[in-house]
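Below is one structure, written out as structure tokens; comments come after it.
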Amino acid sequence: MDARVYNGVALAPSLHADVPKRQVLLSLAVLAVPCVVVCGLGFQLLRQEGVLEARRAEEGRRREVARVETELLANLERVKLQVLGGSSHDAVALIAEIHDGRLNLDHGDSERFRASLHSLDFGAAIRRAEQEESALRLNEAEQLYRAIPVGRADERAYANLLLARTLKKAGRTTEASQVIDSVLRTPANYRDEFGIPFALYSAGVHSNPAGALRSLSSHFATFSSAALFKAREIALSAGTNELLPTLDRWIGDRRRAEKLHADFHRFSGRLQTEERVWLAWGERGEPMWLLSAMPNNRALIAVDPSRMRPPIIFSKRGELLGANFPGLRIEVPQGTNTRAAGIRFQFLALGLVIVLTLLAGFLISRDVERSLRFAEMQAEFVASVSHELRTPLTSIRMFAELLRINDDIEPDLKAEHLNTILTESERLSRLVERVLLFSRIEQGKQTYQRRRQSLEAVVEAAARAFGAHASHSGFRFSVECDAKLPDVEVDSDAIAQAILNLLSNAVKYSGMSREIGLRLLRQGGNAVIQVVDHGVGIAAEEQRKIFNRFYRVPSEENLQVSGTGLGLTLVRHVAEAHGGTVQVESHPGAGSTFSIVLPLCLEGT
Ligand code: ADP
């Protein structure tokens, strides 16, 4: 590794510029390794947590589907039992008998009743009684109706209907009503040749048709189309309008039932062998029906799931329900996903840890870099001071040696050598003084003896001290002072030393220029001491840094000039200790103007 040379003094390789980089990289690595390990472990944990969470969610969904299925099945089976018990349910769309694997929508044997009407005993007896009734021999007709030989209960119901009509004609309304009531109570599958229940006919002639019709409403599910239209007609004439929507719905359901009738061969086998299975049936654009066999397997029940309370809503994309509902899917509510929120939080926490670690890494590396940079500057300072000390010491030793060995030296030359020894030892004292001053400032021990006085006198004293040196070095040195400036409260030695520092810099960094100016002027409530040169100037980005201790602009040109990087630090300290500031205005290649701004002692302040 190369050693770096400052003003002829070699720095130890450990202070080479690569060192900070290495240190920074090392401290980053110390942070980065645990950070990477923590991140790796964190991500691994989160991944596992994610997998577990997915499994838990899947399990939860399955359980929820099973729960929904059981609940659905229980509700639907309850509807079946309700229907079996003789009551109705709003969601039932159809109840139809199954005969030889086919649906029987008529719910009765109209052919059989037609045959009864043409039979010799029942049919002939009915006709005879009707002849008497139409001849208004009502007593005879009544006797005949009462005596009709009935083989079956539906035949009795029909005969009773005709008997009630005759009794009404005879004005025996109370008896007629009793008979009508008895017909109203007959089962709804006692029907005539058109499939219309006798009970419905009885409702049409009842003294309270609306009430009678309402009592039959639980059987609408089993009514044929003809029966439903008849019921609608009775409802209209009886003014039971509230039944109209129900009847219209049943008429619609019946129309769909006709389509199901044609389609039924597809399901019949399955429905009759599998108990408690509910199959979906429906045509495009129409509400779906759920079909199932009644417990005796001799009838089909169709339920419209949208009419259940609460309505059952199947979906195309949700979870498949179990074997009781083949092919049916339902959307399972997700529930509050607190686990997912937990994972999100853990990701955030991990992210925060990473960001904080990187931030800490950045701050530490910046700090390490600063410390190393400062150590490097201190080393540069030691090298510069050593160099500054060595030059005058060498001269002093050399001229003292010359005087010692040359006894017969000419008086003029002797005086010149002694003068050089004196100048160099003064230079040495100045340097030592500067370092001591800096040390006092650093320790906070430097004090200033401030006195109210004319700044013009201080500036002129500094100009006098510098003037001889300037002309000796071939510089044109101009001084301009505003004589009417109010007093300032200053430590004249410290201010003069600060001015001399600036003038000395103006000489050192003048390049080819040989012109330096010193001005004292007023700007508002301040006195401004300006040192102007036309030398190398300072780049804008360096202007803020040059007041830092040990800082020297690292240009080739500058490093040829001896210096310690302390001069401007001391100037700034003096200015600030007097309640003022130091400013610089500079352009590379055009020169610089340094200004010490100090507050004036104005009347009344
Ligand atoms: P140094 O002992 O190096 O002169 P200073 O603190 O006095 O230390 O100055 C700091 C740096 O500021 C110098 O190294 C130099 O690069 C720059 N500088 C100071 N005065 C001038 C000037 N008049 N013209 C150009 N550069 C200057």
Side-chain angles (χ1 to χ4, degrees), residues 4-9 11 373-374 376-392 427-428 430-439 441-442 462 466 469-470 473 475-478 494-519 528-576 581-596:
R4 203 156 142 192
V5 177
Y6 290 94
N7 300 327
V9 178
L11 284 183
R373 176 81 199 122
F374 188 64
E376 193 183 351
M377 286 199 314
Q378 271 180 322
E380 283 175 25
F381 168 72
V382 172
S384 305
V385 170
S386 311
H387 175 72
E388 298 275 295
L389 287 173
R390 201 172 53 182
T391 315
R427 190 171 145 197
L428 257 183
R430 270 204 308 278
L431 180 64
V432 172
E433 208 40 59
R434 181 180 282 199
V435 175
L436 287 176
L437 175 61
F438 174 71
S439 159
I441 288 173
E442 283 291 283
F466 177 73
H469 171 67
S473 310
F475 278 87
R476 220 157 2 104
F477 177 51
S478 61
I495 296 291
Q497 194 54 54
I499 297 170
L500 285 171
N501 279 357
L502 293 180
L503 288 168
S504 149
N505 279 355
V507 171
K508 286 200 293 186
Y509 305 107
S510 260
M512 305 304 287
S513 154
R514 284 292 170 267
E515 211 176 320
I516 292 173
L518 173 63
R519 279 185 275 192
V528 182
I529 304 164
Q530 284 185 336
V531 174
V532 185
D533 69 55
H534 306 278
V536 295
I538 306 159
E541 66 276 12
E542 298 288 346
Q543 289 177 13
R544 202 170 39 88
K545 301 184 205 164
I546 53 175
F547 295 98
N548 294 343
R549 53 195 174 169
F550 310 138
Y551 189 81
R552 306 199 69 213
V553 176
S555 69
E556 277 302 314
E557 203 175 11
N558 259 0
L559 294 175
Q560 303 307 316
V561 181
S562 66
T564 54
L566 283 185
L568 290 180
T569 311
L570 299 178
V571 173
R572 186 177 62 178
H573 188 270
V574 170
E576 285 174 359
T581 55
V582 60
Q583 296 161 3
V584 63
E585 200 194 320
S586 183
H587 301 282
S592 314
T593 300
F594 282 86
S595 306
I596 299 174

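All ligand and atom numbering here is 1-based and tracks the order in the structure. None of the values given here were measured: they were computed from a predicted structure.
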Between CZ on residue F438 and NE2 on residue H573, distance to nearest 0.5 Å: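 Reported value, rounded in 0.5 Å steps: 10.0 Å.
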Nearest-0.5 Å distance, CZ of residue F550 to OG1 of residue T569: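 Between atom CZ of F550 and atom OG1 of T569 there are 8.0 Å.
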Give the C-alpha distance, both sets of side-chain angles, the deciding distance and a yes or no for side chain to side chain contact (heavy atoms under 4.5 Å, CB included) between L568 and F594. CA-CA 10 Å; L568 290 180; F594 282 86; 3.8 Å; yes
State which residues pass side chain to side chain donor-acceptor pair (under 3.5 Å) with R427; sequence neighbours excluded, sorted by chain then number.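 Scan of R427 (side chain to side chain donor-acceptor pair (under 3.5 Å), adjacent residues dropped) gives E424.
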Who's touching ligand 1 if we go heavy atoms under 4.0 Å?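 Protein residues near ligand 1 are N505, K508, Y509, D533, V536, G537, I538, I546, Y551, R552, V553, N558, G563, T564, G565, L566, G567, L568, S592, F594.
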Sub-3.5 Å donor-acceptor pair from the side chain of Q530 to the main-chain atoms of T593, do we have one?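 No: the side chain of Q530 does not pair with the backbone of T593.
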Apply side chain to side chain contact (heavy atoms under 4.5 Å, CB included) to N505 and V531, showing your working. CA-CA 10 Å; N505 279 355; V531 174; over 6 Å; no
